[in-house]
Amino acid sequence: MATILFLHGWHSVPGGVKPTYLKTHGHTVVNPALDDDDFDLAVATAQAAFDQHQPQLVVGSSRGGAVAMNMNTGHARLVLLCPSWKKRGTATTVKAGTVILHSRGDDIVPFENSEELVRNSKLPQAALIEVGADHRLADEESLSVLLWVCKMQLSADSESWFGDDSLLADQRDGLPSSDESTMIDGSYICDACGEEIVIPLDLAEGGVQTYVEDCPVCCRANTIHVEVDIDGRPTIRAIPEQDYE
């Protein structure tokens with residue numbers, strides 16, 4: 001796994017869905033708080049974090065994408081999510097090897113802006129990946145694609161994995177299914193029979209979940225409360241759905 005510098009968007013905060021998702025899947029994620037009002041200060045904060053941690057990959061979301069474009073990222077690879085480069089900073093191109101994720105349903109940063117950025121930067125068309133339904137790119141499919149793109153960017157053949165416009169479809173055939181990429185295991189103790197029950201947890205359902213399921217050993221119903229912390233560690237409590245006498 002790798003160290004990733006994640007640059008959040010305007011009025012977003014560290015520890016959001018996307019950096020937490022990357023951390024949950026084994027990456028070390030550096031996620032500094034960027035000033036919302038002073039763009040130059042945001043760039044300076046991001047640059048200081050980059051210089052200190054030397055990440056292999058920089059992921060910039062919305063305004064964070066513009067921040068990434070206006071800093072020195074050395075040999076690190078770039079992944080930009082709906083970058084708002086036309087509104088902030090002076091950079092109008094990105095370096096070779098950059099990948100952009102954007103939704104045509106984005107009503108904050110037009111999809112056409114990323115198409116223009118690809119043309120300006122002379123990137124292959126496959127460097128722009130259309131995904132998601134809105135600006136946030138926090139849905140299950142978008143998170144899965146983000147994880148996959150980060151993996152490809154960090155791979156040994158990252159220089160050429162999207163260099164041919166016809167290659168993207170072939171590469172995306174290897175994209176993990178949403179179930180595979182968002183599932184982790186957890187366990188709880190059934191209050192009725194005392195058995196430890198291992199259950200699958202779907203991170204795409206959020207960091208706080210509550211639902212009812214029957215114990216597979218004694219068949220009694222438990223209300224399951226799940227909380228997933230910023231490091232992707234689940235805490236699970238099981239409470240009897242009703243009292244048995």
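Atom set for the values below is all heavy atoms of this structure, side chains included, hydrogens, waters and symmetry mates excluded.
Summarising the geometry of Ala49 relative to Val30, their closest heavy-atom pair is CB-CG1, 4.3 Å, with the distance given to 0.1 Å. Between Ala42 and Asp35 the shortest heavy-atom distance is CB-O, 3.7 Å. Smallest separation of non-hydrogen atoms from Pro216 and Tyr188: CD-OH, 4.4 Å. Considering every non-hydrogen atom in both Gln56 and Thr3, the closest pair reads OE1-N, 2.8 Å. Counting all heavy atoms, side chain and backbone alike, Thr98 lies closest to Leu123 at O-CD1, 3.8 Å. Nearest heavy-atom pair across Val118 and Pro124 is CG1-O, 3.9 Å.
The distance from the CD1 atom of Ile108 to the CZ atom of Arg63 is 14.0 Å, given to the nearest 0.5 Å. Rounding to the nearest 0.5 angstrom, the gap separating the OG atom in Ser121 from the CG atom in Leu78 is 10.0 Å. Within the model, atoms CG of Asp106 and CG of Leu81 stand 11.0 Å from one another, a figure rounded to the nearest 0.5 Å. Atoms CG and NE2, from Leu147 and His25 in turn, are 5.5 Å apart once rounded to the nearest 0.5 Å. In this structure, the separation between CZ on Arg136 and OG on Ser12 is 8.0 Å, given to the nearest 0.5 Å.
Cluster membership check: Val13 does not share its hydrophobic cluster with Leu7, using side-chain heavy-atom separations under 4.5 Å among Ile, Leu, Val, Met, Phe, Trp and Tyr. Cluster membership for Met152 and Leu137, using ILVMFWY side-chain heavy atoms within less than 4.5 angstrom, is shared. Leu143 and Leu154 fall within a single hydrophobic cluster, where Ile, Leu, Val, Met, Phe, Trp and Tyr side chains are chained together by heavy-atom contacts under 4.5 Å. Using a 4.5 Å cut-off between side-chain heavy atoms of Ile, Leu, Val, Met, Phe, Trp and Tyr, with links allowed through other members, Val131 and Val79 fall into the same hydrophobic cluster. Residues Phe50 and Leu22 do not share a hydrophobic cluster, defined by chaining ILVMFWY side chains whose heavy atoms lie under 4.5 Å apart.
At a threshold of 4.5 Å between non-hydrogen side-chain atoms, the residues Ser187 and Val198 count as touching. Counting heavy atoms from C-beta on, the side chains of Cys150 and Leu146 come closer than 4.5 Å. For the pair Leu34 and Trp10, the minimum side-chain heavy-atom distance is 4.5 Å or more. In this structure the side chain of Leu128 never reaches within 4.5 angstrom of the side chain of Glu130, judged on heavy atoms. By the 4.5 Å heavy-atom criterion applied to side chains, Leu5 and Pro32 are counted as neighbours. Two residues are said to be in side-chain contact when any heavy atoms from C-beta on lie closer than 4.5 Å; Leu117 and Met69 meet this criterion. A 4.5 Å side-chain heavy-atom check between Val59 and Lys18 finds every atom pair outside the cut-off. With a 4.5 Å cut-off on side-chain heavy atoms, Ile239 and Asp191 do not count as touching.
For residues 39-53, the pairs satisfying side chain to side chain donor-acceptor pair (under 3.5 Å) are Gln47-Asp51, with sequence neighbours left out. Listed by first then second residue, pairs satisfying ring pair (Phe, Tyr, Trp, His ring centres under 6.0 Å) with a partner in residues 82-137 read His102-Phe111, not counting sequence neighbours.
Heavy atoms from other residues, nucleotides or ligands lying under 6.0 Å from CZ of Arg88 number more than 12. Atom NE2 of His75 sits in a sparse spot, with 12 or fewer heavy atoms from other residues, nucleotides or ligands closer than 6.0 Å.
Side chains of Thr210 and His225: a donor-acceptor N/O pair is present below 3.5 angstrom, by distance only. The closest side-chain donor-acceptor pair between Asp139 and Ser142 falls under 3.5 angstrom.
Every residue two or more places apart in sequence or in another chain was checked for a ring pair (Phe, Tyr, Trp, His ring centres under 6.0 Å) with His27, and none qualifies.
For the pair Asn70 (side chain) and Thr90 (backbone), a donor-acceptor distance under 3.5 Å is present. Distance alone, capped at 3.5 Å, is enough to place a donor-acceptor pair between the Thr20 side chain and the Gly15 backbone. When atom types are taken as modelled, the side chain of Asn120 and the backbone of Thr93 share no donor-acceptor pair closer than 3.5 angstrom.
Ionic pairing of Arg119 and Glu112 is not present here: no N-O contact between side-chain nitrogen and carboxylate oxygen is shorter than 4.0 angstrom.
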